[in-house]
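Following: one structure in structure tokens, then a few remarks.
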Amino acid sequence: SRALLFQDLKKKDHQMMQSEKLAALGEMAASFVHEIRNPLGVILGSAETLNKKVSQSVRSEMLQFIREEGERINRMLTNFLDFAKPKPPAFREVDLKDILQKTVELISMPARERKVRILQEYPKEKVLMFVDPEQVREALVNLELNALEAMPLGGQMTIALTENEGQGVVIRVSDTGVGLPPGVESKIFDPFFTTKERGTGLGLSIAYRVAKNHGGTISAVSNDGGGTTFILTLPLRKGMLGCF
């Protein structure tokens, strides 16, 4: 009877897990479809406008809309694929200052459009670490884009890199935006959780996974004067050999 009871409980656990997986899949699909429909609507509307007799300035504006929204869909798909099929980290020695400066170059245009000033605070010397440069770059870009989205009316983003002697590095991405809504601190790194109208809820989840892949941590704190600071720690390689 105990064996039969165990089999019955095991079957019910399996059914419950399947139900939870299907529910999560349905939530993910609904969120993703909703987010893709928005830029698709802009693209289709712009294409319809281009079919009419309009001035060159309007045509240029519509083409700009199509390009921007196409790039937005591409970012969504990239984030989704990176989340669904994560790659193991490929570690090599790199200068973290160089990675940070390249991410700032990537977001410089949207930052100017939003009237966001970017301050960079790095050590004078190179900061050499064994990391996966592509994964770290992706995590940082997601944190920086998240900060930009929190400042729709402009503001200041501060990207700071500091070294902990013998321990590793700490990267802080701060904004002067709207701040974290109350009660979401424990959820912001969950997949598909988002407080924004335009967002899939994957950017911070990917940053969280990159931190874990490197044996590090990531957290978010509210600033006293408003806004949020994301703190990413990356340990020295000797401190993460047991993670794999």
Side-chain angles (χ1 to χ4, degrees), residues 28 75-107 118-150 157-175 180 184-194 199-223 228-244:
M28 174 195 71
R75 286 195 301 271
M76 289 180 187
L77 293 173
T78 299
N79 279 343
F80 181 77
L81 291 174
D82 288 340
F83 182 81
K85 293 184 177 181
K87 297 178 182 178
F91 294 98
R92 60 187 176 90
E93 189 177 44
V94 295
D95 181 5
L96 283 183
K97 285 175 57 178
D98 184 54
I99 295 178
L100 282 165
Q101 288 166 351
K102 288 180 179 177
T103 64
V104 172
E105 292 175 6
L106 288 173
I107 67 163
I118 301 176
L119 297 182
Q120 302 178 69
E121 300 175 356
Y122 310 142
K124 294 181 179 179
E125 301 79 15
K126 290 184 176 181
V127 181
L128 299 176
M129 290 279 290
F130 278 94
V131 298
D132 183 318
E134 293 303 316
Q135 286 195 8
V136 172
R137 180 194 62 80
E138 184 179 17
L140 291 170
V141 168
N142 280 319
L143 293 179
E144 292 162 10
L145 289 175
N146 187 79
L148 286 181
E149 291 172 358
M157 182 192 309
T158 303
I159 304 171
L161 171 63
T162 56
E163 295 183 86
N164 286 340
E165 188 66 31
Q167 296 182 5
V169 299
V170 179
I171 302 171
R172 291 178 173 85
V173 179
S174 303
D175 64 66
L180 294 173
V184 305
E185 291 85 353
S186 61
K187 302 178 182 178
I188 56 175
F189 297 108
D190 292 346
F192 306 108
F193 177 82
T194 181
T200 58
L202 287 177
L204 294 181
S205 299
I206 292 172
Y208 178 85
R209 174 179 286 170
V210 170
K212 291 300 181 183
N213 283 348
H214 288 73
T217 63
I218 187 170
S219 59
V221 296
S222 296
N223 302 331
T228 308
T229 296
F230 283 88
I231 305 169
L232 173 64
T233 67
L234 298 173
L236 294 176
R237 192 165 187 262
K238 66 179 182 180
M240 63 182 196
L241 289 177
C243 295
F244 304 100

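Because the structure is a prediction, the values reported are computed rather than measured.
- Interatomic distance, CG of Leu232 versus CG of Leu161, reported as 10.0 Å (0.5 Å rounding).
- Between Ile118 and Glu144, the closest side-chain pair of non-hydrogen atoms is not below 4.5 Å.
- Annotation: the span from Ile159 atom CD1 to Leu100 atom CG amounts to 6.5 Å, rounded to 0.5 Å.
- Note that CE of Met157 is 10.0 Å distant from CG of Leu119, once rounded to the nearest 0.5 Å.
- A donor-acceptor pair under 3.5 Å is absent between the side-chain atoms of Thr103 and the main chain of Val141, judged by distance alone.
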CA sep, side-chain torsions, deciding dist, call: Leu143, Leu204, side-chain contact (heavy atoms from CB on, under 4.5 Å): CA-CA 7 Å; Leu143 293 179; Leu204 294 181; 3.7 Å; yes

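- Heavy atoms only, all atoms of each residue included: Asn223 and Asp175 are closest at ND2-O, 3.2 Å.
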Output a table of donor-acceptor pairs, distance under 3.5 Å, between side-chain atoms of residues 122-132 and any protein atom two or more places apart or on a different chain; print 'none' if there are none.
{"from": "Tyr122", "atom 1": "OH", "to": "Gln120", "atom 2": "OE1", "distance (Å)": "2.7"}
{"from": "Asp132", "atom 1": "OD1", "to": "Glu134", "atom 2": "N", "distance (Å)": "3.0"}
{"from": "Asp132", "atom 1": "OD1", "to": "Gln135", "atom 2": "N", "distance (Å)": "3.1"}
{"from": "Asp132", "atom 1": "OD2", "to": "Ala90", "atom 2": "N", "distance (Å)": "2.7"}

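- Side chain of Asn146 to main chain of Asn142: no donor-acceptor pair is present (N/O by atom type, distance under 3.5 Å, no hydrogens or angles).
- Contacts of Tyr208 classified as side-chain contact (heavy atoms from CB on, under 4.5 Å), with partners at least two apart in sequence or in another chain: Phe189, Lys212, Ile218.
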Worked check of side-chain contact (heavy atoms from CB on, under 4.5 Å) between Gln167 and Thr233: CA-CA 10 Å; Gln167 296 182 5; Thr233 67; over 6 Å; no

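- The minimum heavy-atom distance between Ala207 and Ala139, with the atom names listed, is CA-CB, 3.9 Å.
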